[in-house]
Amino acid sequence: MLTFRALGPFQARHGDVVLDLGGQRQMAVLARLLVAGGRAVPVSVLIDELWPGEPPAQALSTIQGYVSRLRRALEPDRAPRKEAGVLVSAPPGYALRATAEQVDSWRFEGAVKLDGDPAAVWARTEEALALWRGPALAEFSDLAWAVTEAGRLEELRLTAVERRADAGLALGHSAALVADLEAHVSAHPLREEAWRLLALALYRGGRQGDALGALRRARAVLRDELGLDLGATLQRLESDMLAQAPHLDPPAPRAAQAVQVASPEAPGEAGTPPGTEAETLRVVVVDDQALVRTGLRVVLDSEPGFELAGEAENGEQAIALVRETRPDLVLMDIQMPRLDGLTAARRILADEDPPKVIMMTTFGTDDNLYSALRAGVSGFVLKTSAPEQLITAMRAAQAGDALIDPAVTTRLIAAFAGHSDPAAPPALAGLGDAELDLLKLIARGLTNRQIAATLSVPEPSVAESVGKLLAHLGLFDRAQLVVAAYESGLVNPGDVSR
């Protein structure tokens with residue numbers, strides 16, 4: 001079947017064979033007729049739009065030549081005097097005769113605009129978004145008509161992303177949608193519908209604090225960029241969340257609609273050597289918000305290799321629970337009543353053979369975050385992180401890698417680099433060039449595997465060298481090595497991305 005592709009590199013294909021459509025201007029004739037959606041385009045319009053400003057003297061005959069060659073490419077078996085069936089004459093111009101099934105952009109637009117129940121909308125928008133292979137009509141970005149159409153198609157694509165998410169929320173896929181919606185609002189921060197969907201996905205995923213945090217971020221963006229407050233829809237959503245309105249609760253589970261949270265790593269990738277079974281990681285969750293604990297419980301229950309060892313709602317309970325259950329890792333909010341997460345982390349890490357501790361934060365102060373790093377936590381994750389990012393964080397910490405969210409790290413480094421701490425270990429006296437090079441790589445966030453590849457040495461040798469470095473500096477966690485590198489001036493904020 002003859003098909004046309006505009007949602008990515010412009011192509012015409014016979015089955016799997018890509019047709020030769022000639023040069024850029026000749027392809028532009030076919031693309032312009034495709035954009036017309038089957039309607040006739042006068043030759044005078046083609047001339048004006050293909051040669052903006054001053055068309056050549058022979059523009060008419062040039063267009064006719066382009067059409068003739070395109071017809072031969074599109075219908076190679078057509079008899080010489082037989083009327084064209086695809087690129088047809090439609091006085092005073094030409095038109096493209098094709099079905100929606102043959103043209104990806106026509107098919108996409110039809111799917112996005114169809115209504116139906118959530119399951120049908122989900123399926124259609126999934127199929128429609130899969131048609132995109134890159135920016136639409138990018139080859140013709142110097143022509144105004146192509147830029148206009150590309151913008152229209154991009155707006156439809158964003159609408160499709162949001163329609164898919166809305167259907168997914170109705171189907172109970174809240175937790176699985178968060179990562180895509182975070183990326184969506186980051187790329188398009190002025191779209192209030194995107195913020196509504198993200199906040200609702202977080203709320204229904206048991207992350208009420210993060211949901212309200214998303215709306216606060218939306219308010220800040222709209223004020224900074226447009227000087228506006230949240231629209232009426234987002235303001236109502238915020239009020240309903242604060243009141244825990246029943247209509248915001250997740251829909252009742254349906255058959256075959258359980259949310260699946262897939263591991264971001266394939267077997268044998270970072271964390272588990274090939275051919276070995278990963279041990280079960282026992283985790284204690286500490287947060288004063290019940291919805292957050294529920295959301296984290298769902299994440300852990302849905303991921304093989306993890307076991308919830310217990311839950312606590314404040315620092316005092318956390319200390320007692322850790323000593324009772326002896327977990328492998330503690331996932332702890334930094335700000336809690338009675339005893340905050342920072343103080344609790346210090347006490348947990350002071351015990352003999354302590355677990356790894358990862359701090360969760362949304363609006364933690366820089367001073368608290370940096371103090372936690374000095375105390376020896378394995379790093380931070382933002383509460384707005386997607387489930388797969390939380391899983392990766394816990395695996396990385398257990399493997400001995402410092403995990404510090406880049407959004408937090410960059411700010412901390414800029415604020416505190418070069419500041420010495422009287423209680424910190426002495427500067428890097430006594431370290432040789434090899435040890436200093438290793439410390440620089442650790443401070444840049446590389447894992448043992450990445451360092452081994454960079455230095456062309458076995459990974460076990462790197463692990464041994466990291467252990468010796470910790471012992472030499474009187475430290476016990478990799479994150480403390482990162483702090484030492486910046487406090488000593490060995491690494492500067494500008495080195496982070498190198």
Side-chain angles (χ1 to χ4, degrees), residues 2-14 18-76 83-100 102-110 112-113 128-129 131-161 187-188 190-191 225-226:
L2 178 64
T3 57
F4 302 90
R5 295 184 173 188
L7 304 179
F10 187 77
Q11 293 177 343
R13 303 166 68 100
H14 268 303
V18 178
L19 303 181
D20 182 0
L21 299 177
Q24 190 83 353
R25 195 78 63 180
Q26 184 170 298
M27 276 201 304
V29 172
L30 181 58
R32 178 62 183 86
L33 296 175
L34 183 150
V35 166
R39 296 180 297 275
V41 179
V43 172
S44 59
V45 172
L46 287 174
I47 292 173
D48 290 342
E49 294 189 342
L50 266 63
W51 289 282
E54 271 188 53
Q58 304 300 318
L60 177 58
S61 60
T62 301
I63 289 286
Q64 291 170 339
Y66 287 162
V67 170
S68 178
R69 289 189 288 274
L70 285 168
R71 283 171 170 169
R72 287 197 298 271
L74 297 173
E75 299 179 87
E83 188 175 343
V86 179
L87 206 168
V88 302
S89 296
Y94 302 97
L96 178 67
R97 293 286 182 258
T99 66
Q102 291 177 275
V103 183
D104 62 354
S105 57
W106 299 0
R107 180 180 166 193
F108 169 77
E109 184 169 355
V112 172
K113 292 181 176 179
L129 289 167
L131 295 172
W132 283 76
R133 300 167 296 113
L137 302 171
E139 297 93 334
F140 316 110
S141 59
D142 58 333
L143 300 174
W145 59 267
V147 172
T148 300
E149 177 65 5
R152 188 185 74 87
L153 290 170
E154 175 63 12
E155 178 62 29
L156 281 174
R157 188 187 70 81
L158 299 179
T159 299
V161 170
H188 308 281
L190 301 183
R191 295 182 69 88
E225 296 293 330
L226 304 176

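Just so it is clear, the structure is predicted and the values come from calculations on it, not from any experiment.
Contact check for Val103 versus Thr3: no side-chain heavy atoms found under the 4.5 Å cut-off. Between Leu50 and Ile63, some side-chain heavy-atom pair lies under the 4.5 Å cut-off. Between Leu74 and Leu19 the shortest side-chain heavy-atom distance falls below 4.5 Å. Residues Trp106 and Thr99 are not in side-chain contact: their nearest non-hydrogen atoms beyond the backbone lie 4.5 Å or more apart. Counting heavy atoms from C-beta on, the side chains of Val43 and Gln64 never come closer than 4.5 Å. Counting only heavy atoms from C-beta outward, the side chains of Leu143 and Arg25 approach each other to under 4.5 Å. Annotation: side chain of Leu87 is not in contact with side chain of Glu75 (no heavy-atom distance under 4.5 Å). Contact annotation: the side chain of Val86 never approaches that of Arg97 to less than 4.5 Å [non-hydrogen atoms, C-beta and beyond].
Closest heavy-atom contact between Gln102 and Leu2: NE2-O, 2.8 Å. Minimum interatomic distance between Val88 and Arg71 (heavy atoms only, all atoms of both residues): C-NH2, 3.5 Å. In this structure, Leu153 and Trp132 approach most closely via the heavy-atom pair O-CZ2, 3.5 Å. Residues Phe4 and Ala98 approach most closely at CE1-CB, 4.3 Å, considering heavy atoms. For Ala100 against Arg107, the heavy-atom pair with the smallest separation is O-CB, 3.3 Å. Closest approach of Ala36 and Val41 over heavy atoms only: CB-CG2, 3.5 Å.
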Q | Chi angles and distances behind the side-chain contact (heavy atoms from CB on, under 4.5 Å) call for Phe10, Leu137 | A | CA-CA 6 Å; Phe10 187 77; Leu137 302 171; 4.3 Å; yes
Q: Show your working on side-chain contact (heavy atoms from CB on, under 4.5 Å) between Tyr66 and Met27 and close with a plain yes or no.
A: CA-CA 8 Å; Tyr66 287 162; Met27 276 201 304; over 6 Å; no
Q. Can you check side-chain contact (heavy atoms from CB on, under 4.5 Å) on Gln26 and Leu70, steps first, answer last?
A. CA-CA 8 Å; Gln26 184 170 298; Leu70 285 168; 3.8 Å; yes
(Q) Between Trp51 and Thr62, is the side-chain contact (heavy atoms from CB on, under 4.5 Å) condition met? List the steps. (A) CA-CA 11 Å; Trp51 289 282; Thr62 301; 3.9 Å; yes
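A donor-acceptor pair is defined here as one N or O able to donate and one able to accept, closer than 3.5 Å; no such pair exists between the side chain of Glu139 and the backbone of Gln24.
Neither side chain, Arg152 nor Ser105, offers a donor N or O lying under 3.5 Å from an acceptor on the other.
A salt bridge links Arg191 with Glu155: the closest approach of a Lys/Arg side-chain nitrogen to an acidic carboxylate oxygen falls below 4.0 angstrom.
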